[in-house]
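Remarks on the structure that follows.
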Amino acid sequence: MKTKQEKLRRSGARIMASLILLLGNLAGIMVLAVFNGTLGFICAMAVPLLGAVGVAKALGEAIPLSFGAIMVLAVGCGVLRGILRYLEQYSNHYIAFRLLAVLRSKIFGALRILCPAKLETKQKGSIIAMITSDIETLEVFYAHTISPICIAGILSAGVVLFVSWVASPWLGLTALGGFVTVGILLPLAFSRRIKEAGVNYRRQFASFNSYFLDSIKGIRDILLHNGGEKREHQVEVRSGILLEETRKMKQEMARASAGTELWVSLFILLTLGAGIFLVLNQSITPGRMIIGVAAVFGSFGPVLAISALPGNLTQTFAAGDRVLDLLKEKPAVTPVLNGVPADSSRLDVEDLSFSYDGVHPILQEISLSVSKGEIVGIVGESGCGKSTLLKLLLRFWEKEKGKILYSGSDIDTINTQSLLEQVTMVSQTTYLFDQTIEENLKIAKPSATREELENACRMASVDEFIKSLPQGYQTRVGAMGENLSAGEKQRIGLARAFLRGSGLILLDEPTSNVDSINEGIILKALKKQKGERGIILVSHRESTMAIADRVYRIKEGKICARH
Ligand SMILES: Nc1ncnc2c1ncn2[C@@H]1O[C@H](COP(=O)(O)OP(=O)(O)OP(=O)(O)O)[C@@H](O)[C@H]1O
Ligand SMILES: [Mg+2]
C-alpha cells in the first residue's frame, strides 16, 4: 500500500492517454475548444503585430492597408479575442465538469463492486479524498491542459512559418529555439523535482486527511483515555509536515516559473539582437524586422501556458493514477449475473476452508447445515472466524476449498442479487444513516407499509422505544447514529432484517448489547419466525443458544463439537 503511494505506478504519458480516452464523445467539443483557443491567441497576437505593421508602414514599407484600417483591425481583434477566449473556456469547462460527473459515478460504481470485502481494508479518509479533491484535480487536466498543449503546438508552428516568411528564416529559427526551450526542454528539466514535491504533497495530504477523520470519529475514545493533548499535538505535527511539503512544492514551482521567465526574456533579446544584426547586414528592411520581432514578442503566451503545467500536472497525474487504480482494482469477488436464483430453504456447508491472505487459515473444513424452520447456533472464541463464516455464506469473499450449497446449487453459481435477497445478515455493528428511523428501516424494503414497519420493530423489541420518541418513526438519527444506544441500534438492525423477509437470516451477536429482558423478547420473536425461515445465530452467550436446535462450536478454525 505504501509503495503504491510513494511513486506513480503509471508513466505520465500513460495516465494522460487513459484520461484522454475517457473523453469519449466529448472529443468533438475539445476540438472546438482548441479551434476557438487558437483563433483567440491569433487575435491576441495580432493586436501588437498590427501596431508593428503600422510602424513599418510609417517607415516606408509597402503595406496595402490604410492607417485607419489597421486601427479598426486592431480593435476588432481585441474584441474578438475576448469572445473567442470565452468560447474556449466555456467548452473546456463544459467538458471538464461533464467528465467529473461521469468519473464520480464511475468511482461510486467501482466502490459498489469492491464493497464490502475490499472496502474493509481501505482507509475511509483516502476514499473521501479521492471523491472530493482527486476528482477536482482532474478538472485541471480536462479544462486547462489538453487544449493549451494543442494550441501551443499549432500556434508556435504558425509563428515560426509567419516570421520566416515575413522577416527572415533566421528569426524564425530563433523563435523555434525559444518555443522548444520554453515549452518542452524547461518543463522537462524542472518536472522531476516538481513531480517529486507534488507526489510528496499529495501523500501527506491524503495521510493527514485520514488521520484527522480518524481522530474526529474516535474523539470520544480519545477523550476517555485522556489522549486529547497527545492527539492534538500529533495533528499539529502532521499539519506542520503538510505545510512544509506545501512550501517545498510551491518553492519548486516558483523556481521553475522564475527560470522560465528568464529564458523567455533571453530569447526575446536574442531575437531582437538577431533582427538588428540582419538589418545592419541589410538582409531585411527595418519594417520587416519590426513586424517579425513583434510577432515573436507576442507569441510566448501559449508555450508559457504549457510551462506552467508541470506543477499542476504532477498533482493531476498522482490523482489520475489513484482514480485509475481504483477503477481498475479487481474486487474480491465478481458479482454473478447470469446464474441461478437462490433458494435458501436449505443450506449445506461441506469441508469449507478459507484464509484472507492465502497463508494463515481462518476456517478449516467446516461442515454444517441449516434448513427452513431451524435455528442453528455457532459459538466460539473471539477471532475464531465466526463473522468470517457468515461473510462467506453471503459470498463477500470467495471460498477457498469446500462447498457452500443453497438447496444443492453452489454459491458461486447463484445470482448475487438473488442471494442478497434470500439471505440477510445483521452484522455486529449496524450503521444508521443520518435520516429518519423510518427511512433507515425502509432500506431493507423501500415499499414497506407502516404496518409492516411496526410489525418488524415489534419483533425486534424496538417498537415501543421508537414510539416513545417525540417524533416516533420520523425521529432523525444523528450522524453515525450517535443519538441511539448500542442496543437500540442493534434492535433497529434486527428489525431491518425481519422487514426484509429473507428465507435465511444470519445474525452476528444479535443480543450482545441488550439486557436479558429484551434478549428474551428478541429470542421469542426469533423462535416465532423460524417456521418461515432458517436462522443462523452467532453468539457468545449460552442463554442465547438455548433457542437453537443445533449448536456448532468453532475452535481454531475447526468445528470441534456439535450438540
Ligand atoms: N478483512 C480481513 N482481512 C484480513 N484478516 C481479517 C479480515 N477480517 C477479519 N480478519 C481476521 O480473521 C480472523 C477471524 O475474524 P472474525 O471477525 O471472523 O472473528 P469472530 O469469530 O467473528 O470474532 P468476534 O467474536 O470477536 O466477532 C481474525 O483473526 C481477524 O483478525
Ligand atoms: Mg465477529
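Values in this document were obtained by computation on a predicted structure and should not be read as measured data. Both ligands and their constituent atoms are indexed starting at 1 by order of listing. Computed from heavy atoms alone, side chains included, the values below leave out hydrogens, waters and symmetry copies.
Of the listed options V379, V538, T388, T388 places a heavy atom closest to atom 15 (O) of ligand 1. For atom 10 (N) of ligand 1, the candidate residues are F396, F354, Y356; the nearest heavy-atom contact is made by Y356. Compare L390, I362, L389 by their heavy atoms: the one nearest to atom 13 (C) of ligand 1 is in I362.
Counting only N and O atoms by type, the side chains of T544 and E519 include a donor and acceptor under 3.5 Å apart.
Of the residues K527, R550, K530, the one that meets the salt bridge (charged side-chain N to carboxylate O under 4.0 Å, His left out) test with E374 is R550.
Seen from the ring of F208, R238 does not count as a face-on cation partner, given the 6.0 Å and 45° thresholds.
Residue contacts with ligand 1: G385 is included, with a non-hydrogen atom under 4.0 Å away.
Below 3.5 Å of separation, one finds an N or O of S387 facing an N or O of ligand 1. At under 3.5 Å, not a single nitrogen or oxygen of E509, backbone or side chain, sits near a nitrogen or oxygen of ligand 1.
Between D412 and R395 a salt bridge is recorded (basic side-chain N to carboxylate O distance below 4.0 Å).
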Worksheet item: Under the salt bridge (charged side-chain N to carboxylate O under 4.0 Å, His left out) criterion, do E136 and R104 qualify, and how do the steps go?
Response: CA-CA 10 Å; E136 287 299 322; R104 278 203 182 97; 2.9 Å; yes

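Numbered from 1 in the order shown, with element, the atoms of ligand 1 that lie under 4.0 Å from a heavy atom of W397 read 1 (N).
The Mg ion (ligand 2) has an N, O or S atom of S387 inside 2.8 Å of it.
Below 30°, between 30° and 60°, or above 60°: for H144 and H93 the angle between ring planes is above 60°, a perpendicular geometry.
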